[in-house]
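Remember, it's 1-based here, ligands and their atoms both numbered in the order they're listed. Remember, predicted model here, so these are calculated numbers, not experimental data.
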Amino acid sequence: MQHFRRNRVAAERFAGRRQREDEAPRLSTRVPDLTSLSLSIEERTGGNSLTEPKYLRRIVVGGAPALFLLPCGDPRCNEGGHDVTPYIMSSLLRREGSFQGEDACCGSLGAGPCLRVLRYQGAAEYRERTALK
Ligand SMILES: [Zn+2]
């Protein structure tokens, strides 16, 4: 019954989403050199069939929170979603121009776990560094 425990964790993680967004540090504070960021996102199910068309999400670097919570694309999914914040922040802090990763949904579908897997591809640009800190 592993996934029931995971569901509760997920519920707690996502319940305070709005609050977390308000309290999170700004992206521009955490990564001051970042000038643009976009994420290309697609979802697959456990097999390998594409379930959702790819979509592009442009992040407004100026006011965005340093928080990347992406919803699960399956409307029947219960308390799912993807918190890819740690992955994306570590790429941005390393000044990576392109990066990708994936995250399995932590929600449930009826009595079973949700099998959606989100895959993201990020493209970021950074200000030239004039002096090393
Ligand atoms: Zn899901």
With a 4.5 Å heavy-atom cut-off, do [X] and [Y] have their side chains touching?
{"X": "Phe68", "Y": "Met89", "answer": "yes"}
{"X": "Ile88", "Y": "Leu39", "answer": "yes"}
{"X": "Gln121", "Y": "Glu42", "answer": "no"}
{"X": "Arg119", "Y": "Arg44", "answer": "yes"}

Contacts of type side-chain contact (heavy atoms from CB on, under 4.5 Å), residue Ser38, not counting sequence neighbours: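 Ser38 satisfies side-chain contact (heavy atoms from CB on, under 4.5 Å) with Leu56, Arg58, Ala123 only.
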
What protein N/O/S atoms are there under 2.8 Å from the Zn ion (ligand 1), waters excluded?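 Counting only protein N, O or S atoms under 2.8 Å from the Zn ion (ligand 1), the list reads Cys72 SG, Cys77 SG, Cys105 SG, Cys114 SG.
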
Quick one: does any side-chain atom of Glu43 pair with a main-chain N or O of Val117 as donor and acceptor, under 3.5 Å?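 No: the side chain of Glu43 does not pair with the backbone of Val117.
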
